[in-house]
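Hydrogens, waters and symmetry mates play no part in the numbers below; they use all other heavy atoms, side chains included. A quick note: this is a predicted structure, and the numbers were derived from the prediction, not measured. Proteins get letters first, then strands, A, B, ... in listed order; numbering begins at 1 in each.
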Amino acid sequence: MALTLPPNDEQELLTRAQALSGLTLGEIARKAGIQVPKNLNKEKGWIGLLLEHVLGASAGSKPEPDFPSLGIELKSLPINYSGKPLETTFVCVAPLVGLTGVIWENSHLKNKLARVLWVPVISEREIPIAERIVATPFIWSPNIEEEQQLAQDWQELTDMIVLGKVEQITGKHGDILQLRPKAANSSVKTKAFNHKGEPFLTLPRGFYLKTVFTQRLIHQHLRVE
DNA sequence: ATATGATCATGC
DNA sequence: GCATGATCATAT
(Lines give C-alpha, C1' and ligand atoms only; values in the text may rest on other atoms or scores of the structure.)
Protein backbone atom coordinates (compact mmCIF):
# COMPACT_ATOMS: atom_id res chain seq x y z
CA MET A 1 0.00 0.00 0.00
CA ALA A 2 1.08 3.55 -0.75
CA LEU A 3 2.48 5.84 1.89
CA THR A 4 0.34 8.76 2.93
CA LEU A 5 2.17 11.77 4.34
CA PRO A 6 0.79 13.26 7.55
CA PRO A 7 -1.25 16.46 7.16
CA ASN A 8 0.61 19.70 7.91
CA ASP A 9 -2.16 21.34 9.86
CA GLU A 10 -5.66 20.81 11.14
CA GLN A 11 -7.34 22.36 8.12
CA GLU A 12 -5.47 20.08 5.77
CA LEU A 13 -6.50 17.08 7.82
CA LEU A 14 -10.15 18.15 7.81
CA THR A 15 -10.09 18.84 4.08
CA ARG A 16 -8.54 15.46 3.46
CA ALA A 17 -11.14 13.73 5.62
CA GLN A 18 -14.07 15.57 4.08
CA ALA A 19 -12.84 14.60 0.63
CA LEU A 20 -13.80 11.06 1.65
CA SER A 21 -17.45 12.04 2.12
CA GLY A 22 -19.73 10.03 -0.12
CA LEU A 23 -17.07 7.52 -1.02
CA THR A 24 -17.52 3.85 -0.25
CA LEU A 25 -14.96 1.97 1.81
CA GLY A 26 -14.39 -0.19 -1.27
CA GLU A 27 -13.40 2.85 -3.34
CA ILE A 28 -11.14 4.18 -0.60
CA ALA A 29 -9.49 0.80 -0.07
CA ARG A 30 -8.95 0.25 -3.79
CA LYS A 31 -7.13 3.56 -4.16
CA ALA A 32 -4.99 2.63 -1.17
CA GLY A 33 -4.35 -0.85 -2.51
CA ILE A 34 -5.90 -2.50 0.53
CA GLN A 35 -8.08 -5.60 0.49
CA VAL A 36 -11.57 -5.31 1.94
CA PRO A 37 -12.52 -8.11 4.36
CA LYS A 38 -15.84 -9.91 3.84
CA ASN A 39 -16.87 -9.08 7.38
CA LEU A 40 -15.35 -7.55 10.49
CA ASN A 41 -15.59 -10.66 12.68
CA LYS A 42 -11.84 -11.11 12.63
CA GLU A 43 -10.85 -7.53 11.86
CA LYS A 44 -13.01 -5.37 14.06
CA GLY A 45 -10.70 -2.40 13.78
CA TRP A 46 -10.33 -2.55 10.00
CA ILE A 47 -12.31 0.57 9.19
CA GLY A 48 -10.39 2.64 11.72
CA LEU A 49 -7.08 1.37 10.41
CA LEU A 50 -8.09 2.09 6.79
CA LEU A 51 -9.02 5.67 7.67
CA GLU A 52 -5.79 6.13 9.63
CA HIS A 53 -3.84 4.96 6.64
CA VAL A 54 -5.46 7.15 4.01
CA LEU A 55 -5.44 10.23 6.23
CA GLY A 56 -1.76 9.87 7.06
CA ALA A 57 -2.01 9.03 10.75
CA SER A 58 1.14 7.70 12.36
CA ALA A 59 1.27 3.93 12.24
CA GLY A 60 1.56 1.55 15.13
CA SER A 61 0.11 1.31 18.57
CA LYS A 62 2.09 4.03 20.23
CA PRO A 63 0.45 5.74 23.23
CA GLU A 64 0.08 9.10 21.53
CA PRO A 65 -2.52 10.84 19.34
CA ASP A 66 -3.00 9.58 15.81
CA PHE A 67 -1.68 12.91 14.57
CA PRO A 68 0.98 13.77 17.18
CA SER A 69 2.04 17.11 15.73
CA LEU A 70 -1.58 18.25 15.61
CA GLY A 71 -2.66 16.71 18.90
CA ILE A 72 -5.66 15.15 17.18
CA GLU A 73 -7.21 11.74 17.73
CA LEU A 74 -9.04 9.93 14.92
CA LYS A 75 -12.27 8.08 15.67
CA SER A 76 -14.41 6.26 13.15
CA LEU A 77 -18.07 6.22 14.15
CA PRO A 78 -20.47 3.63 12.74
CA ILE A 79 -23.93 5.15 12.18
CA ASN A 80 -27.18 4.01 10.60
CA TYR A 81 -28.99 5.75 7.72
CA SER A 82 -30.57 8.15 10.21
CA GLY A 83 -27.27 9.23 11.68
CA LYS A 84 -27.63 7.25 14.87
CA PRO A 85 -24.45 5.65 16.26
CA LEU A 86 -24.57 1.86 16.10
CA GLU A 87 -21.88 1.23 18.67
CA THR A 88 -20.39 2.81 21.77
CA THR A 89 -17.02 4.46 21.21
CA PHE A 90 -13.95 3.06 22.92
CA VAL A 91 -11.77 5.84 24.32
CA CYS A 92 -8.99 4.34 26.41
CA VAL A 93 -8.11 1.65 28.88
CA ALA A 94 -9.09 2.53 32.43
CA PRO A 95 -6.26 2.52 34.95
CA LEU A 96 -7.20 0.32 37.91
CA VAL A 97 -4.08 1.05 39.95
CA GLY A 98 -1.84 4.08 40.43
CA LEU A 99 -4.74 6.46 40.70
CA THR A 100 -3.27 8.41 43.60
CA GLY A 101 -3.22 12.07 42.68
CA VAL A 102 -5.07 11.56 39.41
CA ILE A 103 -7.77 14.14 38.86
CA TRP A 104 -9.96 14.89 35.85
CA GLU A 105 -7.62 17.61 34.62
CA ASN A 106 -4.69 15.23 34.23
CA SER A 107 -6.65 12.11 33.32
CA HIS A 108 -5.92 10.03 30.26
CA LEU A 109 -9.55 10.28 29.22
CA LYS A 110 -9.64 14.09 29.14
CA ASN A 111 -6.39 14.16 27.23
CA LYS A 112 -7.66 11.61 24.69
CA LEU A 113 -10.81 13.55 23.97
CA ALA A 114 -9.21 17.02 23.88
CA ARG A 115 -9.48 17.17 20.10
CA VAL A 116 -11.02 14.47 17.92
CA LEU A 117 -11.56 14.01 14.20
CA TRP A 118 -14.81 12.06 13.97
CA VAL A 119 -15.37 10.14 10.75
CA PRO A 120 -18.94 8.81 10.63
CA VAL A 121 -19.48 5.82 8.36
CA ILE A 122 -22.91 4.52 7.41
CA SER A 123 -22.25 1.05 8.67
CA GLU A 124 -25.45 -0.91 9.11
CA ARG A 125 -24.58 -4.58 9.36
CA GLU A 126 -26.64 -5.53 6.33
CA ILE A 127 -24.43 -3.33 4.13
CA PRO A 128 -21.38 -5.16 2.76
CA ILE A 129 -18.18 -3.63 4.10
CA ALA A 130 -17.04 -2.41 0.68
CA GLU A 131 -20.33 -0.60 0.09
CA ARG A 132 -20.45 1.32 3.35
CA ILE A 133 -20.28 5.07 2.81
CA VAL A 134 -18.34 7.77 4.64
CA ALA A 135 -20.57 10.57 5.87
CA THR A 136 -19.31 14.06 6.84
CA PRO A 137 -16.21 14.10 9.07
CA PHE A 138 -15.80 16.87 11.63
CA ILE A 139 -13.29 17.99 14.24
CA TRP A 140 -14.55 18.40 17.78
CA SER A 141 -13.48 19.44 21.25
CA PRO A 142 -15.76 19.10 24.26
CA ASN A 143 -17.70 22.26 25.12
CA ILE A 144 -18.23 23.26 28.74
CA GLU A 145 -21.34 21.14 29.20
CA GLU A 146 -19.85 18.11 27.53
CA GLU A 147 -16.70 18.36 29.58
CA GLN A 148 -18.71 18.61 32.79
CA GLN A 149 -20.67 15.49 31.88
CA LEU A 150 -17.50 13.61 31.03
CA ALA A 151 -15.80 14.78 34.22
CA GLN A 152 -18.77 13.79 36.36
CA ASP A 153 -19.01 10.27 34.96
CA TRP A 154 -15.25 9.84 35.01
CA GLN A 155 -15.19 10.87 38.67
CA GLU A 156 -18.00 8.49 39.61
CA LEU A 157 -16.34 5.54 37.91
CA THR A 158 -12.87 6.43 39.15
CA ASP A 159 -14.16 6.79 42.71
CA MET A 160 -15.57 3.27 42.56
CA ILE A 161 -12.26 1.93 41.26
CA VAL A 162 -10.33 3.70 44.01
CA LEU A 163 -12.75 2.29 46.60
CA GLY A 164 -12.04 -1.22 45.31
CA LYS A 165 -15.45 -1.63 43.72
CA VAL A 166 -14.38 -2.17 40.12
CA GLU A 167 -16.19 -5.50 39.90
CA GLN A 168 -19.44 -3.86 40.93
CA ILE A 169 -19.29 -1.47 37.99
CA THR A 170 -21.54 -2.37 35.06
CA GLY A 171 -22.21 -0.72 31.72
CA LYS A 172 -25.20 0.98 33.32
CA HIS A 173 -23.05 3.26 35.44
CA GLY A 174 -22.44 6.71 34.04
CA ASP A 175 -24.78 8.88 31.99
CA ILE A 176 -22.65 9.31 28.89
CA LEU A 177 -19.50 7.40 29.78
CA GLN A 178 -19.31 3.76 30.79
CA LEU A 179 -16.74 1.23 31.96
CA ARG A 180 -16.77 -2.16 30.23
CA PRO A 181 -14.39 -5.05 29.58
CA LYS A 182 -11.61 -4.38 27.11
CA ALA A 183 -9.62 -7.53 26.48
CA ALA A 184 -8.86 -10.26 23.99
CA ASN A 185 -10.97 -12.65 26.09
CA SER A 186 -12.12 -13.33 29.61
CA SER A 187 -8.89 -15.05 30.62
CA VAL A 188 -6.91 -11.83 30.36
CA LYS A 189 -6.27 -10.32 33.74
CA THR A 190 -4.78 -7.16 35.18
CA LYS A 191 -4.08 -6.01 38.72
CA ALA A 192 -6.59 -4.10 40.79
CA PHE A 193 -7.34 -3.56 44.48
CA ASN A 194 -10.34 -4.82 46.43
CA HIS A 195 -12.25 -2.88 49.08
CA LYS A 196 -9.75 -3.97 51.72
CA GLY A 197 -6.88 -2.56 49.71
CA GLU A 198 -5.62 -6.02 48.78
CA PRO A 199 -4.42 -6.65 45.21
CA PHE A 200 -6.28 -9.12 43.00
CA LEU A 201 -6.57 -9.91 39.29
CA THR A 202 -9.53 -8.79 37.21
CA LEU A 203 -10.57 -8.24 33.62
CA PRO A 204 -9.06 -5.10 32.06
CA ARG A 205 -11.66 -2.37 31.56
CA GLY A 206 -11.99 0.48 29.12
CA PHE A 207 -13.89 3.76 29.02
CA TYR A 208 -16.53 3.93 26.30
CA LEU A 209 -18.73 6.83 25.18
CA LYS A 210 -22.39 5.84 25.17
CA THR A 211 -24.28 6.34 21.91
CA VAL A 212 -26.52 9.01 23.49
CA PHE A 213 -23.42 11.20 23.69
CA THR A 214 -21.99 10.60 20.22
CA GLN A 215 -25.45 11.00 18.74
CA ARG A 216 -25.53 14.55 20.11
CA LEU A 217 -22.18 15.26 18.45
CA ILE A 218 -23.53 14.04 15.14
CA HIS A 219 -26.62 16.17 15.45
CA GLN A 220 -24.67 19.29 16.36
CA HIS A 221 -22.72 18.94 13.20
CA LEU A 222 -25.68 18.10 10.96
CA ARG A 223 -27.77 21.00 12.19
CA VAL A 224 -25.16 23.73 12.02
CA GLU A 225 -24.47 23.18 8.36
C1' DA B 1 0.29 -7.74 29.62
C1' DT B 2 -0.66 -3.22 27.51
C1' DA B 3 -1.27 -0.27 23.89
C1' DT B 4 -3.54 0.54 19.32
C1' DG B 5 -7.97 -0.22 16.26
C1' DA B 6 -13.03 -1.52 17.52
C1' DT B 7 -17.46 -4.77 16.62
C1' DC B 8 -19.70 -9.10 17.77
C1' DA B 9 -23.44 -11.49 19.79
C1' DT B 10 -26.18 -12.83 23.51
C1' DG B 11 -29.22 -11.50 27.34
C1' DC B 12 -32.70 -8.73 28.53
C1' DG C 1 -34.33 -3.96 19.30
C1' DC C 2 -30.39 -2.64 21.64
C1' DA C 3 -27.01 -2.26 25.35
C1' DT C 4 -23.86 -4.93 28.08
C1' DG C 5 -20.46 -8.10 28.42
C1' DA C 6 -17.31 -10.72 25.50
C1' DT C 7 -14.23 -10.92 21.99
C1' DC C 8 -10.75 -10.38 17.59
C1' DA C 9 -6.22 -8.65 15.29
C1' DT C 10 -1.70 -6.59 15.61
C1' DA C 11 2.45 -4.29 17.56
C1' DT C 12 5.43 -3.62 21.34
Side-chain angles (χ1 to χ4, degrees), chain A residues 1 4 17 25 28-29 32 34-68 72-99 107-109 111-113 116-130 132 134 153 157 160 166-192 199-215:
Chain A
M1 37 189 169
T4 306
L25 298 184
I28 294 168
I34 296 173
Q35 278 260 322
V36 181
K38 288 189 179 65
N39 59 60
L40 301 181
N41 290 359
K42 300 250 177 231
E43 292 179 70
K44 296 179 178 179
W46 184 83
I47 296 176
L49 294 174
L50 172 69
L51 294 172
E52 278 190 356
H53 177 79
V54 300
L55 292 174
S58 29
S61 53
K62 291 172 292 228
E64 59 182 16
D66 296 299
F67 302 94
I72 296 179
E73 183 72 21
L74 172 64
K75 285 289 174 200
S76 62
L77 182 62
I79 59 175
N80 68 10
Y81 291 112
S82 306
K84 180 181 176 184
L86 293 167
E87 296 286 348
T88 55
T89 302
F90 171 72
V91 181
C92 59
V93 171
L96 302 183
V97 298
L99 283 164
S107 67
H108 193 19
L109 186 90
N111 185 52
K112 270 277 185 179
L113 294 179
V116 180
L117 168 63
W118 294 97
V119 182
V121 179
I122 302 174
S123 240
E124 302 208 4
R125 290 195 194 180
E126 65 183 44
I127 310 175
I129 311 297
R132 297 184 184 181
V134 176
D153 282 354
L157 296 165
M160 289 187 73
V166 63
E167 296 201 316
Q168 295 171 38
I169 300 174
T170 74
K172 295 181 181 62
H173 287 86
D175 293 329
I176 53 95
L177 189 70
Q178 63 184 177
L179 193 79
R180 304 216 313 272
K182 167 61 174 171
N185 57 64
S186 59
S187 70
V188 177
K189 302 292 182 190
T190 191
K191 191 174 90 170
F200 73 105
L201 294 179
T202 190
L203 200 53
R205 317 296 163 102
F207 285 115
Y208 296 78
L209 297 174
K210 294 187 177 185
T211 56
V212 62
F213 185 79
T214 47
Q215 175 150 33

Pair up each side-chain donor or acceptor in residues 35-45 of chain A with any protein partner under 3.5 Å, not counting sequence neighbours, and list the distances.
{"residue": "A/Asn39", "atom": "OD1", "partner": "A/Asn41", "partner atom": "N", "Å": "2.9"}

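- Distance from the side chain of A/Lys42 is smallest for C/dC8 among the nucleotides B/dT7, C/dC8, C/dT7.
- Mapping A/Leu201 and A/Tyr208 onto DNA chain B by nearest heavy atom places A/Leu201 closer to the 5' end of the strand.
- For A/Leu203, the listed nucleotide lying nearest its side chain is C/dA6; candidates were B/dT7, B/dT4, C/dA6.
- The base of B/dA9 is paired with the side chain of A/Arg125 by a donor and an acceptor separated by under 3.5 Å.
- Minimum interatomic distance between A/His53 and A/Ala32 (heavy atoms only, all atoms of both residues): CD2-CB, 4.0 Å.
- Where the helix from B/dA1-C/dT12 to B/dC12-C/dG1 starts and where it ends, the local axes point in directions that differ by 30°; five pairs per end, rounded to 10°.
- Between A/Asn185 atom CG and C/dG5 atom P the separation is 17 Å, expressed in whole Å.
- Looking at residues two or more places apart in sequence or on another chain, you find no side chain to side chain contact (heavy atoms under 4.5 Å, CB included) involving A/Ser186.
- Distances shorter than 4.0 Å separate none of the side-chain N or O atoms of A/Ser123 from OP1 or OP2 on B/dT7.
- An OP1 or OP2 oxygen of B/dT2 is reached within less than 4.0 angstrom by a side-chain nitrogen or oxygen of A/Thr190.
- Looking at residues 168-176 of chain A, you'll see A/Thr170, A/Gly171, A/Lys172 sit with a heavy atom under 4.0 Å from some atom of DNA chain C.
- Comparing atom distances between the A/Lys182 side chain and each of C/dA6, B/dG5, B/dC8 picks out B/dG5 as nearest.
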Can you give each donor-acceptor pair under 3.5 Å made by side-chain atoms of residues 202-213 of chain A, sequence neighbours left out, with the distance rounded to 0.1 Å?
{"residue": "A/Thr202", "atom": "OG1", "partner": "A/Glu167", "partner atom": "OE2", "Å": "2.9"}
{"residue": "A/Thr202", "atom": "OG1", "partner": "A/Arg205", "partner atom": "NH2", "Å": "2.8"}
{"residue": "A/Arg205", "atom": "NE", "partner": "A/Leu203", "partner atom": "O", "Å": "2.6"}
{"residue": "A/Tyr208", "atom": "OH", "partner": "A/Pro181", "partner atom": "O", "Å": "3.0"}
{"residue": "A/Lys210", "atom": "NZ", "partner": "A/Gly171", "partner atom": "O", "Å": "3.4"}
{"residue": "A/Lys210", "atom": "NZ", "partner": "A/Gly174", "partner atom": "O", "Å": "2.6"}

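- With sequence neighbours excluded, the residues satisfying side chain to side chain contact (heavy atoms under 4.5 Å, CB included) with A/Ile79 are A/Leu77, A/Pro120, A/Ile122, A/Ala135, A/Ile218.
- Using a 4.0 Å heavy-atom distance criterion, A/Gly45 is classed as a base contact.
- Nucleotide C/dA3 holds its P atom 10 Å from the CG atom of A/Leu86, rounded to whole Å.
- Atoms CE and CD, on A/Met160 and A/Gln168 in that order, are 5.5 Å from each other to the nearest 0.5 Å.
- At least one side-chain nitrogen or oxygen of A/Ser186 sits closer than 4.0 Å to the OP1 or OP2 atom of C/dT7.
- Residue A/Lys112 is in sugar-phosphate contact alone, with no base atom involved, counting any heavy-atom pair closer than 4.0 Å across all strands shown.
- Counting only heavy atoms from C-beta on, A/Val188 has its side chain closest to B/dA1 among B/dC8, B/dA1, C/dG5.
- If you check every strand for non-hydrogen atoms under 4.0 Å, A/Glu64 touches nothing.
- The side chain of A/Lys44 approaches B/dA6 more closely than any other nucleotide in the set B/dT4, B/dA6, B/dT2.
- At least one side-chain nitrogen or oxygen of A/Gln178 sits closer than 4.0 Å to the OP1 or OP2 atom of C/dT4.
- At a threshold of 4.0 angstrom between heavy atoms, the contacts of A/Thr89 with the nucleic acid are absent.
- We find the SG-NE2 distance between A/Cys92 and A/His108 to be 5.0 Å, quoted to the nearest 0.5 Å.
- In terms of position on DNA chain C, the residue among A/Thr211 and A/Ala184 whose nearest nucleotide sits closer to the 5' end is A/Thr211.
- Taking every heavy atom of both residues into account, A/Lys182 and A/Phe90 meet most closely at CE-CZ, 3.6 Å.
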